[in-house]
Amino acid sequence: MMNIVVLDGYAANPGDLSWDAMKELGQLTVYDRTPAEEVIARSQEADIVLTNKVVLTADIISKLPHLKYIGVLATGYNVVDTEAARLKGIVVTNIPSYSSDSVAQLTFAHILNISNRVAHYAQLNRQGVWSSNKDFCYWDTPLFELAGKTLGIVGLGSIGMKVANIGRQLGMDIFAMTSKNSSDLPQGIQKTTLDGLLAVSDVLTLHCPLTPQTRHLINQETLSRMKQGAILINTGRGPLVDEAAVAQALQSGHLMAYGADVMSQEPPAADNPLLACPNAYLTPHIAWATYEARVRLMQIATDNVKAFIAGSPVNVVNK
């Protein structure tokens, strides 16, 4: 019987879902959270380790003699040294596309919050501002339509394509930086370069993986080439942007707003400059956390382990 250890199961399943399907596949131990100094001890006898954000370095992997399989409970797998695992014959899998609808939804929650400021006005009205107003309406922020604006998308995978489709339905002009051929893109999506996106985007949204090439893709220099008053959205990975440079662009007024669900450090340091920017709208990495998406995550995680045990692993990221 396989010994299965889940190192940080609380985020995916804080108690509203069940591990029962995974229990049928082996001896299961689930930890809500695992500090770095306890990873080796807790995984020492494991054949299978599941991790969401607990880092598995080459050094850690080398000290786990029974380990045969690492299942990442997310789409991004940068928390695992996949090459070190491959060299030891350890299969690493991820969970692709389980949260595409949810992430696209939150992407536009950020965009619409910035354009219409729903939370801002709801809070003012709790304080009696509307009740004491002389007119039937009021506004103290710019309000603007998305129709006719240009939406620039970095990365046209499953999430990026859903974001493009929503943008088109709202009447936006869609430009994308993508590895796909122009001839393979749906009508209404125009392929361009990063330089092209920076030049034309009223809203620029990031949906690419974090790699050495994309780390700090948005930095002081690229920000300077964005349109004055543009909006930047990041529901991908925190380090896709240089946060200090984004904060500076917000403070100078070059960027109208930054909407992000991810930070370079999570939880963020209390002195992160973005936390003090009134036009930075930060959500605590919740795009993936809808009930429906987490149900899919748990099911795919179980199916991944089942396929590995059967000798035909799927969603392998370190072939």
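Within the 4.5 Å cutoff, side-chain heavy atoms of Q44 are placed close to those of P65. The closest side-chain heavy-atom distance from D20 to K23 is below 4.5 Å. At a threshold of 4.5 Å between non-hydrogen side-chain atoms, the residues L56 and D81 do not count as touching. The shortest side-chain heavy-atom distance between I233 and I114 falls under the 4.5 Å cut-off. Inter-residue side-chain proximity for L282 and L275 is flagged as met; some heavy-atom pair is nearer than 4.5 Å. Within the 4.5 Å cutoff, no side-chain heavy atoms of V55 are placed close to those of V39. Inter-residue side-chain proximity for M298 and W19 is flagged as met; some heavy-atom pair is nearer than 4.5 Å. Two residues are said to be in side-chain contact when any heavy atoms from C-beta on lie closer than 4.5 Å; L240 and L210 meet this criterion.
The closest donor-acceptor contact from the side chain of D8 to the backbone of T34 lies at 3.5 Å or more, if one exists at all. In terms of modelled atom types and a separation under 3.5 Å, the side chain of D47 and the main chain of M2 share no donor-acceptor contact. Using modelled atom types, no side-chain atom of K180 and backbone atom of L185 make a donor-acceptor pair closer than 3.5 Å. At least one donor-acceptor pair under 3.5 Å links the side chain of K88 to the backbone N or O of I61. Looking at N279, its side chain does come within 3.5 Å of a backbone N or O of M256 through a donor-acceptor pair. Judged purely by atom type and a 3.5 angstrom limit, T214 uses its side chain to pair as donor or acceptor with the backbone of P209. Using a distance-only test at 3.5 Å, with no hydrogens or angles considered, a donor-acceptor pair links the side chain of N234 to the main chain of R237. At distances below 3.5 Å, at least one donor-acceptor pair connects side-chain atoms of H254 with backbone N or O atoms of L223. Looking at S43, its side chain never comes within 3.5 Å of a backbone N or O of A46 through a donor-acceptor pair. Not a single donor-acceptor pair under 3.5 Å links the side chain of E38 to the backbone N or O of P35.
Results of the side chain to side chain contact (heavy atoms under 4.5 Å, CB included) test with R117 over D140, T141, L112 single out T141 as the only residue that passes.
Between the OG1 atom in T93 and the CD1 atom in I300 there is a gap of 10.5 Å [rounded to 0.5 Å]. Atom CD of Q105 sits about 12.5 Å away from atom CD1 of I159, to the nearest 0.5 Å. To the nearest 0.5 Å, atoms CZ (F175) and CG (L151) are separated by 10.5 Å. Between R215 atom CZ and D242 atom CG the span is 11.5 Å, to the nearest 0.5 Å. Rounding to the nearest 0.5 Å places OG1 of T205 at 9.5 Å from NE2 of H110. Remark: C277 SG to E243 CD distance equals 10.5 Å, nearest 0.5 Å.
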Begin from the C-alpha positions of R168 and I189 and carry the test side chain to side chain contact (heavy atoms under 4.5 Å, CB included) through to its verdict.
-> CA-CA 9 Å; R168 288 174 65 196; I189 303 178; 4.3 Å; yes

List the steps, then state whether side chain to side chain contact (heavy atoms under 4.5 Å, CB included) holds for V30 with Y10.
-> CA-CA 9 Å; V30 179; Y10 184 84; over 6 Å; no

So L198 and L204, side chain to side chain contact (heavy atoms under 4.5 Å, CB included) or not? Walk me through it.
-> CA-CA 8 Å; L198 296 172; L204 180 64; 4.1 Å; yes

Just do the side chain to side chain contact (heavy atoms under 4.5 Å, CB included) check on W288 and I95 with the steps written out, would you?
-> CA-CA 12 Å; W288 70 285; I95 304 181; over 6 Å; no

Step by step, would you call R225 with E221 a salt bridge (charged side-chain N to carboxylate O under 4.0 Å, His left out)?
-> CA-CA 7 Å; R225 290 189 277 138; E221 193 273 328; 2.7 Å; yes

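Summarising the geometry of G196 relative to T192, their closest heavy-atom pair is CA-OG1, 3.4 Å, with the distance given to 0.1 Å. A pairwise comparison of heavy atoms in V314 and A307 identifies CG2-CB, 3.9 Å as the closest pair. What you find for A280 and L250 is that their closest heavy atoms are CB-CD1, 3.9 Å. Residue P273 comes nearest to A247 through the heavy atom pair CB-CB, 3.8 Å, listed as atom of the first residue, atom of the second, then distance. Between G148 and D173 the shortest heavy-atom distance is O-OD2, 3.8 Å. Closest approach of K53 to A74, counting heavy atoms only: NZ-CB, 4.1 Å.
Residue Y121 is found in a hydrophobic cluster whose other members, listed by chain and number, are L124, V129, W130, Y138, W139, L143; membership requires side-chain heavy atoms under 4.5 Å apart, directly or through intermediates.
For Q27, the CD atom counts as loosely surrounded, since its 6.0 Å shell holds 12 or fewer non-hydrogen atoms of other residues, nucleotides or ligands. For CD of E83, the number of neighbouring non-hydrogen atoms (other residues, nucleotides, ligands) closer than 6.0 Å is greater than 12. Within 6.0 Å of OH on Y77 lie no more than 12 heavy atoms contributed by other residues, nucleotides or ligands. Within a 6.0 Å radius of CD in Q169, other residues, nucleotides and ligands contribute 12 heavy atoms or fewer.
Side chains of D261 and T283: a donor on one and an acceptor on the other come within 3.5 Å. Between the side chains of Q299 and R296, not a single donor N or O lies within less than 3.5 Å of an accepting N or O. Between the side chains of S99 and S102, not a single donor N or O lies within less than 3.5 Å of an accepting N or O.
No salt bridge links K149 with E145; every basic N to acidic carboxylate O contact stays at or beyond 4.0 Å.
Under the 4.5 Å side-chain heavy-atom criterion for grouping Ile, Leu, Val, Met, Phe, Trp and Tyr, L197 is connected to L206 within one hydrophobic cluster. Criterion: ILVMFWY side-chain heavy atoms under 4.5 Å apart, direct or through other members. Under it, V92 and V316 are not part of a common hydrophobic cluster. V6 and Y69 fall within a single hydrophobic cluster, where Ile, Leu, Val, Met, Phe, Trp and Tyr side chains are chained together by heavy-atom contacts under 4.5 Å. Residue I60 is grouped with residue I90 when hydrophobic side chains (ILVMFWY) are merged at heavy-atom distances under 4.5 angstrom, including chains of intermediate members. Under the 4.5 Å side-chain heavy-atom criterion for grouping Ile, Leu, Val, Met, Phe, Trp and Tyr, L67 is not connected to I48 through any hydrophobic cluster.
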